[in-house]
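Following: one structure in structure tokens, then a few remarks.
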Amino acid sequence: MKKLLYLITLIFTTVTLSTGQPPMGQSQANQAPDIIIAAGTLNTDLVYKVNGRDGRLYQSYLGAKLANKEVLSQLRDAGHLAYATFGTDNLFEPAIRMTHNDGNPSLELKYVSHNTEKPDANVTITHILLKDPEYPVEVTLNIKTYMAEDVIEQWIEIVQKEAKPLTIFNYASSMLHFDASRYWLTQFHGDWAEEMKMQENELTSGIKILDTKLGTRAHMYQTPVFFLSLNEKSDENKGELIAGTLGWSGNFQFLFEVDEKNSLRVISGINPFASEYTMLPGKPFKTPSFIFTYSNQGKGLASRNLHHWATNYGILDGTKSRLTILNNWEATGFNFDEPKLTAILDDTKKMGLDVFLLDDGWFANKYPRNNDRAGLGDWQENKAKLPNGIGYLVKEADSKGVKFGIWIEPEMVNPKSELYENHPDWILKLPNRPEHYYRNQLVLDLTNPKVQEFVYNVVDGMLTTNPGIAFIKWDCNRMMTNAYSVYLKDKQSHLYIDYVNSLYGVLDKLRQKYPHLPIMLCSGGGGRVDYGALRYFTEFWASDNTDPVERVYIQWGYSYFFPAISVCNHVTSWGKQSLKFRTDVAMMGKMGFDIEVEKMTENELKFSQNAVTNYKRLSDVIWHGDLYRLISPYDENRAVLMYVNSSKNKAVLFSYTLNSRYGETFNRVRLQGLDPAKTYKIQEINVSNEGRRPGGPGGSDSGKSFTGDYLMKIGMTVGSASPLTSAVYEITE
Ligand code: DGJ
């Protein structure tokens with residue numbers, strides 16, 4: 001039955017119908033038939049219609065899967081142009097704007113043809129070719145559907161065949177239309193150490209824009225993700241919404257325009273700000289992908305859809321496992337030498353962790369990297385700190401049975417460096433203006449092929465000399481100012497786009513040679529988190545703020561769009577909370593440590609070793625299981641969430657009590673995602689009574705067994721009412 005349903009859905013996914021029906025009130029004479037182009041997933045349909053009357057492409061429908069294809073012919077287009085142009089009759093924000101060779105500032109797009117590709121049973125790509133009837137300009141709308149994950153990816157390719165170059169001013173990846181009574185936008189704003197703060201507001205008439213203009217470290221203030229709830233606010237399990245994100249590591253823009261009829265258009269893509277682009281004849285311009293999922297069962301399902309997509313398609317090696325890390329940034333800063341690092345290698349082993357990750361400060365000699373004011377760009381081992389080089393540490397690590405990883409920030413330079421002295425023309429800086437610094441550094445001009453080669457060689461050279469390096473952390477600590485490239489000459493407005501494409505070019509080349517090397521994406525915390533970059537990276541550093549209370553909110557925010565396997569959380573000394581609380585918070589993602597192990601008491605060491613063992617036993621459920629957010633820290637003084645594996649025989653539940661008022665009690669929590677018919681044993685792990693109020697409810701259901709039905713309808717007691725306490729439960733069939 002399930003198979004039959006799947007087959008029917010498959011046929012229905014990319015159906016093309018010539019309805020032969022003219023729109024209401026139109027004569028049938030001299031009119032081409034309408035064409036319906038439906039792209040869908042298991043539970044969603046996105047339907048376009050070519051109107052036979054004007055030959056234009058309209059969006060007819062986006063929403064829950066339609067039960068039968070006959071209704072497709074009844075759909076009216078409501079005038080929602082699938083990819084609205086500028087200059088003819090469009091009165092609202094366009095998806096595309098260009099000026100032709102002869103100075104004509106308008107574009108008209110008519111349907112030419114469409115076709116589909118089927119790379120595998122789960123994926124379908126529909127290409128719809130549109131063309132200007134008067135000018136040789138073609139625009140292809142690409143729609144890639146992921147059937148099982150219920151995720152849709154959209155991007156555009158533009159080709160112009162005019163005699164000379166022409167300029168494009170707007171070039172969105174996607175344009176979607178909605179007709180709901182009300183619209184609620186959830187955005188995730190922030191700054192350094194306060195990433196992913198969730199805000200929800202109703203959209204009113206006019207335009208609301210979420211964007212960035214920072215170029216590099218582009219997502220420092222705004223992560224390129226949003227929820228759009230239709231008709232009413234959605235919660236975890238109720239409500240109709242889309243969750244959207246752009247796979248682009250530079251300037252992005254999401255534009256929401258509510259018009260006079262209360263229709264909403266959502267335009268997503270590269271931020272066109274200061275980025276008009278000259279297109280050469282015959283050379284295609286390809287946009288990044290807008291990735292979205294539709295849910296009519298709230299944000300929880302939308303997140304799980306995106307997580308499934310991300311692990312299967314969006315993140316490098318998302319279905320595989322990850323290494324646990326001991327990092328030294330919080331523990332030592334720039335202040336270390338070979339004996340200190342050798343001792344940390346021992347600590348890595350003692351803790352039961354896989355990799356020691358050596359952070360910033362290991363390089364540069366003429367201007368040693370002893371603080372963030374010097375040395376960036378000079379990627380030779382600092383002889384005073386590492387007299388025997390990285391090779392020695394790699395060997396030492398190997399002899400102790402752990403792996404070695406290393407930090408780099410290859411896109412940047414300190415003015416106090418040999419790189420700056422030798423290659424002033426490789427750096428983004430404005431003529432006739434003083435240099436503007438951020439963290440005492442400047443951005444290299446990656447649009448220059450020589451700089452691309454330099455960046456590639458920094459990484460490749462290090463890995464060739466030290467093939468034992470098993471992990472890299474790739475940092476990027478500043479945004480772009482001084483945004484002027486000597487290399488780009490009169491094409492300065494190409495900088496923001498060419499920079500990102502050049503970065504992807506370097507990463508492509510590195511990935512050809514090192515397809516599976518784990519690399520952490522970092523940008524002064526979570527300043528560059530998106531699915532354009534995550535194709536090349538196995539994980540990302542979510543924030544420099546590791547205070548666990550702050551972290552609960554930050555990780556909660558990321559969890560809406562990024563799976564736990566990709567979110568690096570380290571146990572550090574930030575915050576005054578117990579080691580248990582810090583550890584339990586780090587465990588809900590990709591756990592690591594960045595702490596002075598030698599200063600731990602015997603009990604703390606034992607607790608941590610035990611937690612690492614627990615984590616390794618449960619990490620597959622956390623990394624690849626389904627996430628259910630049960631109680632939001634935005635709603636209560638606590639946060640509760642759980643992961644359930646696909647066979648529903650193992651789950652892990654995390655409970656964090658952030659605060660509690662006098663006399664406050666916390667009710668039982670109803671679980672989700674379990675099999676009602678199965679019986680589960682609850683076992684509290686990472687047990688430590690640090691900070692617990694005696695007699696609290698914590699752990700009272702631990703050791704007992706309940707059916708899934710009971711746990712999902714009646715619930716279980718979790719955690720303690722004491723502020724800043726936590727509990728982790730292993731739930732096993
Ligand atoms: C910023 C990162 O977020 C930190 O984890 C650390 O690697 C520093 N850079 C090093 O400079």
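Taking the six-membered ring for Trp and thresholds of 30 and 60 degrees, Phe252 and Phe254 have ring planes inclined between 30 and 60 degrees apart. In this structure, Trp474 and Phe537 have perpendicular ring planes: the angle between them is above 60°, well past the 30° mark. Taking the six-membered ring where the residue is Trp, Trp248 and Tyr504 present perpendicular rings, their angle passing 60° and hence far from 30°. Aromatic ring pairs are classed by plane angle as parallel below 30°, tilted from 30° to 60° and perpendicular above 60°; the pair Tyr171 and Phe285 is tilted. In this structure, Trp407 and Trp379 have tilted ring planes: the angle between them lies in the 30° to 60° band.
Between Ile291 and Glu153 the shortest side-chain heavy-atom distance falls below 4.5 Å. A heavy-atom distance below 4.5 Å is found between the side chains of Leu326 and Ile344. Residues Trp623 and Ser321 meet the side-chain proximity criterion, which asks for heavy atoms closer than 4.5 Å. Residues Arg369 and Trp362 have side chains not in contact (no heavy-atom distance under 4.5 Å, counting atoms from C-beta outward).
Atom CZ of Arg217 and atom SG of Cys476 lie 7.5 Å apart (nearest 0.5 Å). We find the CG-CZ distance between Leu503 and Arg528 to be 5.0 Å, quoted to the nearest 0.5 Å. For the atom pair Phe404 CZ and Leu393 CG, the distance stands at 5.0 Å (nearest 0.5 Å). In this structure, OH in Tyr484 is found 10.0 Å from NZ in Lys489, a value given to the nearest 0.5 Å.
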Exercise for the section: Tell me, with the steps shown, if Leu521 and Glu539 meet side-chain contact (heavy atoms from CB on, under 4.5 Å). Expected result: CA-CA 6 Å; Leu521 172 62; Glu539 54 222 84; over 6 Å; no
Exercise for the section: Could you give me the CA-CA distance, side-chain angles and deciding distance for Asp498 and Ser502, then say whether side-chain hydrogen bond (donor to acceptor under 3.5 Å, both in side chains) is met? Expected result: CA-CA 6 Å; Asp498 286 0; Ser502 304; over 6 Å; no
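Cation-pi geometry between Arg511 and Tyr536 is not satisfied (NZ or CZ under 6.0 Å from the ring centre, within 45° of the ring normal).
With sequence neighbours excluded, no residue forms a side-chain hydrogen bond (donor to acceptor under 3.5 Å, both in side chains) with Tyr553.
Phe540 approaches Val529 most closely through the heavy-atom pair CD1-CG2, 3.6 Å.
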